[in-house]
Amino acid sequence: MRRHGFVAGFLALPVVLYAVFVISPYVQAFQIALTDWRGVSANLNFVGLDNFRRMLGNDTFWQAVRNHAVLLVTLPLVTIALALVFAYLLGDSAGTPGARLYRVIFFLPQVLAVAVVGVLFKAVYRPDASGVLNGALAKLGVEPVGWLTDQNLALWSIIAVMVWQAVGFYVVLFSAGMAAIPKDVFEAAALDGAGRLRTFFSITLPLVWDTVQVAWVYLGIAAFDGFALVNVLSVEQGGPDGATTVLATEIYKNAFSYSRFGYASAMGVALFFLTLTFAALTLRVTRRQKVVY
């Protein structure tokens with residue numbers, strides 16, 4: 001009994017802080033979503049589900065959802081695929097020279113703030129020859145490309161930045177998971193004549209599947225955000241013509257530019273449920289029998 005009291009005493013403060021700074025804002029967001037509050041009055045006029053009906057009839061909302069769908073497919077898939085390949089090539093079993101140095105280099109983008117990454121790639125994507133990419137194309141005699149101003153390229157250009165920033169962290173994460181696999185397993189596979197490709201898909205990938213599952217959830221949650229990079233890189237915070245807009249940018253604009261806090265909260269509630277649904281479905285679909293070694 002005394003032990004339980006001791007543990008409860010240590011848990012009390014973190015639980016209180018979590019309730020005040022995490023649960024309470026969520027509850028307030030649900031409350032504000034049912035009002036027409038404009039952020040400048042103490043009075044909250046109850047409007048029921050009007051904000052949600054208005055949101056579902058808004059083309060910009062659905063454009064943001066479609067952009068999230070593209071992000072949900074491409075960002076986790078490309079990032080995890082690249083991270084797995086790099087982690088395997090930099091693993092002890094591959095014997096790549098300078099593997100530790102490469103891990104540090106891959107991880108460097110994680111040290112940079114997201115806004116700094118956005119400013120950096122704004123210079124890379126400049127629409128004239130002063131940009132890194134267009135400067136290289138100009139030397140090859142190719143016309144400059146509007147990486148962030150072309151509706152067909154803008155979202156993919158931002159996704160490329162997201163992948164570049166994220167892949168290093170998951171290289172380190174997967175490298176740690178692969179390092180935990182007993183070497184005897186790989187030696188047995190080599191004695192049986194398994195090549196690198198067969199070893200990767202039959203041994204390495206199944207044994208780090210739990211780590212891959214967690215990575216997919218984290219990257220999916222990141223795909224439901226994307227606010228900082230979209231805000232810094234895109235034309236007019238989600239342009240051109242909504243090609244790169246995401247729910248986070250629409251929430252920000254409606255709340256702080258148009259003073260429609262009730263409507264912005266409704267979009268925040270929608271984003272909350274979309275993220276929660278994605279995480280639950282991902283954990284359910286990717287669940288498999290645990291491999292013990």
Side-chain angles (χ1 to χ4, degrees), residues 59-86 105-171 215-216 218-254 257 267 271 274-275 278:
D59 291 338
T60 305
F61 169 77
W62 291 111
Q63 178 63 51
V65 172
R66 286 191 291 270
N67 290 340
H68 280 302
V70 174
L71 283 165
L72 278 174
V73 173
T74 55
L75 179 61
L77 189 62
V78 175
T79 303
I80 290 175
L82 288 174
L84 282 170
V85 171
F86 291 143
I105 294 173
F106 277 124
F107 192 77
L108 279 178
Q110 287 292 315
V111 179
L112 301 176
V114 180
V116 174
V117 172
V119 172
L120 174 66
F121 275 89
K122 208 171 183 66
V124 173
Y125 285 142
R126 280 177 188 164
D128 52 28
S130 65
V132 175
L133 290 179
N134 281 326
L137 292 176
K139 291 181 179 179
L140 297 174
V142 180
E143 290 293 324
V145 177
W147 301 101
L148 298 173
T149 56
D150 189 323
Q151 281 187 293
N152 297 319
L153 291 176
L155 182 60
W156 296 107
S157 299
I158 293 176
I159 290 174
V161 179
M162 291 181 174
V163 172
W164 178 85
Q165 187 201 18
V167 71
F169 173 80
Y170 294 99
V171 168
W216 201 288
Y218 283 174
L219 285 165
I221 294 173
F224 274 114
D225 182 17
F227 170 76
L229 284 176
V230 171
N231 200 45
V232 174
L233 285 173
S234 66
V235 179
E236 297 178 350
Q237 295 180 328
D241 198 22
T244 60
T245 191
V246 290
L247 286 175
T249 58
E250 291 304 313
I251 291 170
Y252 179 85
K253 285 192 289 187
N254 278 281
S257 297
M267 297 184 77
L271 180 59
L274 285 172
T275 306
F278 166 78

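If you read the sequence from its start, that first residue is 1, and numbering goes on from there. Computed from a predicted structure; not experimentally measured.
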For [X] and [Y], which heavy atoms make the closest approach, and how far apart are they?
X	Y	answer
Q151	A243	O-CB, 3.9 Å
G239	S234	O-CB, 3.8 Å
Q237	N231	NE2-OD1, 2.7 Å
Q110	A166	NE2-CA, 3.6 Å
G220	F278	CA-CE2, 3.2 Å
V114	A228	CG1-CB, 3.4 Å

Counting only heavy atoms from other residues, nucleotides and ligands, does the tally under 6.0 Å from [atom1] of [X] exceed 12?
X	atom1	result
Y252	OH	no
E236	CD	no
D128	CG	yes

Subject >> All ring pair (Phe, Tyr, Trp, His ring centres under 6.0 Å) counterparts of F61, not counting sequence neighbours >> reply: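 Testing F61 for ring pair (Phe, Tyr, Trp, His ring centres under 6.0 Å), a comparison that skips the adjacent residues, returns none.
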**OP:** With sequence neighbours left out, write down each residue that passes ring pair (Phe, Tyr, Trp, His ring centres under 6.0 Å) with W164, or none if nothing qualifies.
**Re:**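 Applying ring pair (Phe, Tyr, Trp, His ring centres under 6.0 Å) to W164 gives F121.
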Calculate, to the nearest 0.5 Å, the distance between atoms [atom1] and [atom2] belonging to [X] and [Y] respectively.
X	Y	atom1	atom2	value
L84	I80	CG	CD1	7.0 Å
L247	F224	CG	CZ	8.0 Å
D241	T149	CG	OG1	13.0 Å
L153	I158	CG	CD1	11.5 Å
T244	L71	OG1	CG	10.0 Å
L219	T74	CG	OG1	10.5 Å

Original post:
Between L229 and V117, is a side chain to side chain contact (heavy atoms under 4.5 Å, CB included) present by the stated rule, with each step listed?
Top reply: CA-CA 8 Å; L229 284 176; V117 172; 4.2 Å; yes
**OP:** Take V70 and I159 through the test side chain to side chain contact (heavy atoms under 4.5 Å, CB included) and record every step on the way to the result.
**Re:** CA-CA 9 Å; V70 174; I159 290 174; 4.0 Å; yes
Polar side-chain atom of [X] near backbone of [Y] as donor-acceptor pair, under 3.5 Å:
X	Y	answer
N67	T245	yes
K253	G238	no
N134	R126	yes
N254	E250	yes

Subject >> side-chain hydrogen bond (donor to acceptor under 3.5 Å, both in side chains) involving T79 - partner list, sequence neighbours excluded >> reply: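 T79 satisfies side-chain hydrogen bond (donor to acceptor under 3.5 Å, both in side chains) with no other residue.
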**OP:** Let me see the working for L271 and T275 under side chain to side chain contact (heavy atoms under 4.5 Å, CB included), right down to the final yes or no.
**Re:** CA-CA 6 Å; L271 180 59; T275 306; 4.0 Å; yes
